[in-house]
Every structure is written in structure tokens, then in C-alpha cells.
> 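Handing you this structure, nothing more for now.
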Amino acid sequence: MINTASLRAEQSDKARLIVRDDQLGFTEPDWIAGADVGFEQDGTITRAAIAILSYPGLDLVEYQIARVPTNIPYIPGLLSFRECPALLAAWQKLTIKPQLLFVDGQGIAHPRRLGVASHFGLLADVPAIGVAKSRLCGQHRPLTEAPGDLAELTDKNEFLGWVWNSKARCKPLYISVGHRISPDSALTWVKRCMRGYRLPEPTRWADAIASRRPAFLRWLAEHPEKSID
DNA sequence: GCGACAG
DNA sequence: ATCTTGTCGC
């Protein structure tokens with residue numbers, strides 16, 4: 001069994017190291033990446049994928065996949081301990097290191113302010129943004145139906161991030177600081193990576209690769225030379 | 001004690 | 001997250 005109390009203590013400890021201001025080191029990045037994980041065989045294997053996209057073209061130029069045994073079960077609030085090992089393995093395989101990374105999950109919009117996007121951003125020492133598809137904690141004004149509607153996500157009087165209607169008739173995105181970036185920049189860069197879908201391109205590709213979606217399999221068929229594993 | 005709860 | 005067909009709406 002795992003000691004959840006010590007893991008929570010570790011989060012509170014590391015949360016103090018998260019940088020909530022811009023340390024981007026670029027005006028226009030060359031590469032922006034997306035990171036996500038999927039599971040194989042009843043969840044016994046965690047498959048992490050990191051997709052490197054060109055900017056501003058947003059074309060998939062590289063991807064790496066890492067498969068590692070799943071050690072920790074899914075426990076709300078402790079997701080990073082389940083996913084970071086695999087994500088780090090994929091990260092180390094990269095030929096191109098992105099200047100900015102979108103992680104599927106919360107950044108500081110977390111009970112102890114260390115969601116997977118912040119935790120991984122800290123471990124990899126890379127500017128990171130948390131792009132989640134649902135809420136973990138915090139409160140916000142009900143959004144309208146209007147695409148582009150934006151609300152602040154707050155908890156205990158503390159600003160955590162944004163709730164944003166990225167596309168009409170779709171559930172909103174929860175965007176928060178991961179590491180080394182400001183809340184405003186996080187929102188700006190997510191917006192700059194949208195291409196008409198609910199999810200920004202880096203996240204969309206990472207999800208397609210990690211979960212072997214048809215879109216990725218079709219891309220592979222058209223780019224046999226870029227096939228790995 | 002009860003309800004909520006990223007992926 | 002994952003298992004899965006059809007179906008409703010733009």
C-alpha cells in the first residue's frame with residue numbers, strides 16, 4: 001500500500017517551489033509540447049506520450065512514448081504520483097526539448113497547489129500549463145453558453161486559474177499555471193494553440209498518441225518513417 | 001458524518 | 001482513464 005499522508009506532505013512541500021511568473025525565455029517559441037497518459041491492459045501499464053509541435057505552424061514534428069508499470073491507483077489529488085514516472089521517461093527520450101509544455105490535468109488548481117502540470121513542470125524544469133477537462137477544486141461563476149466566456153477559478157479567496165469556453169456547445173477547459181508562467185500568459189498561449197477544437201493542439205495530439213486514437217493511427221499510416229516502437 | 005473528487 | 005453503437009445536433 002501507499003502512504004497517502006506522506007505524498008500529500010510532499011506536495012505541500014514542493015508547491016512552494018512553483019513559479020507563477022513568466023520565465024519563458026522567448027517571445028515566439030519554436031516548439032510547444034503536449035503531454036498525456038493512457039493505459040494498457042486493465043491499467044497495469046501506463047503509457048505516456050509527449051508530442052512536440054512546431055510554432056506557430058502547430059504541426060506534429062516529434063513524439064515519444066514511454067510504457068511503465070502502473071504503481072499507484074488513481075486517487076483524486078494524487079494523480080501526479082501515478083503519471084509523472086511515465087511522463088519523465090517519455091521526456092528523457094525527446095530529441096527536441098520544448099520551451100513550453102501543456103499537461104493534461106490541473107496546475108496549481110489543486111488542493112495543495114501542486115497538480116500534475118505543476119509537479120511535472122517542476123521535475124522537468126520546464127514552463128508548463130495545466131489544461132484540464134474538468135474541475136478538481138475551486139469555485140467559479142456559472143459560465144454562459146457563449147464561446148469564449150471566461151471566469152476566474154478561486155478557492156479560499158485565492159486565484160487559481162481560468163474556466164474557459166474554448167468551443168461552442170462544449171464543456172469548458174480549466175486552465176492554470178503549471179510552472180514558470182503567469183496566469184495571463186497561460187491563457188494566452190492556450191488560445192494561440194487552438195485550431196477549432198475543444199482542446200488546444202498540443203493536448204489533442206498528446207491524447208491521440210497516448211490513447212492511440214484513430215487520428216494518430218491515420219497520421220502514422222501517412223508518415224511511416226516517423227513510426228517508433 | 002456527508003459530499004466532492006484532475007485522469 | 002477505459003469499455004463501446006448508435007444517435008442527436010451543427
Side-chain angles (χ1 to χ4, degrees), chain A residues 2 4 7-8 10-12 14-15 18 34-51 65-88 90 101-123 128-140 142 145-148 153-156 160-179 186 190 196-200 202-214 216-217:
Chain A
I2 58 176
T4 60
L7 295 183
R8 288 169 194 277
E10 181 179 337
Q11 291 181 323
S12 299
K14 288 182 172 170
I18 294 303
D36 190 20
V37 309
F39 297 90
E40 304 175 10
Q41 311 166 21
D42 298 304
T44 56
I45 299 215
T46 299
R47 183 202 293 124
I50 295 182
I65 295 173
R67 300 170 70 258
V68 308
T70 305
N71 315 318
I72 301 177
Y74 169 65
I75 300 173
L78 299 181
L79 180 67
S80 63
F81 294 103
R82 175 177 163 88
E83 303 190 340
C84 280
L87 288 173
L88 274 176
L101 178 70
F102 289 17
V103 180
D104 190 318
Q106 313 291 349
I108 60 172
H110 174 279
R112 288 165 296 286
R113 312 299 181 247
L114 195 83
V116 62
S118 294
H119 201 159
F120 187 75
L122 183 65
L123 295 178
I129 300 173
V131 180
K133 300 182 291 299
S134 62
R135 186 192 67 90
L136 172 61
C137 70
Q139 307 78 223
H140 63 85
E145 292 296 288
L153 180 68
T154 59
D155 186 33
K156 299 173 184 173
L160 295 185
W162 312 101
V163 186
W164 181 54
N165 271 343
S166 60
K167 184 182 181 183
R169 299 175 303 284
C170 285
K171 300 306 296 178
L173 257 34
Y174 293 75
I175 301 162
S176 61
V177 166
H179 188 44
V190 167
Y197 297 92
R198 181 197 180 205
L199 300 176
T203 303
R204 235 164 59 81
W205 273 111
D207 173 76
I209 297 169
S211 297
R212 306 204 148 183
R213 309 287 187 200
F216 172 58
L217 298 180

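Order of the sequence lines fixes the chain letters, A, B, ..., with proteins taken first and strands second; residue numbering starts at 1 for each chain. Predicted model, so just to flag it, every value in this text is computed and none were measured. Note that these values count all heavy atoms, side chains included, but never hydrogens, waters or copies made by symmetry.
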> Just call it for Gly38(A): base, sugar-phosphate, or nothing, with non-hydrogen atoms closer than 4.0 Å on any strand.
sugar-phosphate
> Out of curiosity, Glu40(A) CD to Arg212(A) CZ, how far, rounded to the nearest 0.5 Å?
6.5 Å
> Mind calculating the distance between CZ (Arg112(A)) and C1' (dA6(B)) to the nearest angstrom?
12 Å
> Answer yes or no: is there a donor N or O on one side and an acceptor on the other, between the side chain of Arg198(A) and the main chain of Ala168(A), under 3.5 Å?
no
> Checking contacts here: which listed nucleotide (dA1(C), dA6(B), dG7(B)) is nearest the side-chain heavy atoms of Asp207(A)?
dA1(C)
> Under 4.0 Å between a side-chain N/O of Arg135(A) and OP1 or OP2 of dC5(B), yes or no?
yes
> What is the distance, to the nearest angstrom, from the CZ atom on Arg82(A) to the P atom on dG7(B)?
12 Å
> Quick one: is Lys133(A) getting a side-chain N or O under 4.0 Å of the dG7(B) phosphate, OP1 or OP2?
yes
> Describe the nucleic acid contact of Asp42(A) in one word from base, sugar-phosphate, nothing, applying a heavy-atom distance below 4.0 Å.
nothing
> Answer with base, sugar-phosphate or nothing: what part of the nucleic acid does Tyr74(A) contact at a heavy-atom distance below 4.0 Å?
base
> Salt bridge or not between Asp155(A) and Arg135(A)? Use side-chain N to carboxylate O under 4.0 Å.
no
> For Phe81(A) and dG7(B), give me the distance from atom CZ to atom P, rounded to whole Å.
18 Å
> Rounding to a whole Å, what distance do you find between Gln139(A):CD and dG3(B):P?
19 Å
> In whole angstrom, what separates Gln106(A)'s CD from dA4(B)'s P?
18 Å
> Sub-3.5 Å donor-acceptor pair from the side chain of Gln11(A) to the main-chain atoms of Gly77(A), do we have one?
yes
> Once rounded to the nearest 0.5 Å, what's the spacing between atom CG of Leu123(A) and atom CG of Leu88(A)?
5.5 Å
> Separation of Tyr174(A) atom OH from dA6(B) atom P, in whole Å?
11 Å
> OP1 or OP2 of dT2(C) versus the side-chain N and O atoms of Ser211(A): is any pair under 4.0 Å?
yes
> Would the distance check show the side chain of Gln106(A) and the main-chain N or O of Ser134(A) forming a donor-acceptor pair, the cut-off being under 3.5 Å?
yes
> Measure from CG on Leu79(A) to C1' on dG7(B) and round the result to the nearest Å.
5 Å
> Could you spell out the base pairing of DNA chain C as a dot-bracket line? Use Watson-Crick and G-U wobble contacts where both distances are under 3.5 Å, [ ] for crossing pairs, | for partners on a different strand.
..........
> Can you see if the side chain of Ser134(A) gets near the phosphate of dC5(B) - specifically, an N or O under 4.0 Å from OP1 or OP2?
no
> Counting N and O atoms only, with roles assigned by atom type, does the side chain of Thr70(A) sit under 3.5 Å from a partner on the main chain of Thr46(A), one being a donor and the other an acceptor?
yes
> Does His179(A) have its ring centroid less than 6.0 Å away from the ring centroid of Phe120(A)?
no
> Give one of base, sugar-phosphate or nothing for Arg213(A), where a contact means two heavy atoms less than 4.0 Å apart.
sugar-phosphate
> Students often get this wrong, so: under 4.0 angstrom with heavy atoms, is Leu173(A) touching a base, only sugar-phosphate, or nothing?
nothing
> Send over the distance from His119(A) NE2 to dA6(B) P, rounded to a whole Å.
19 Å
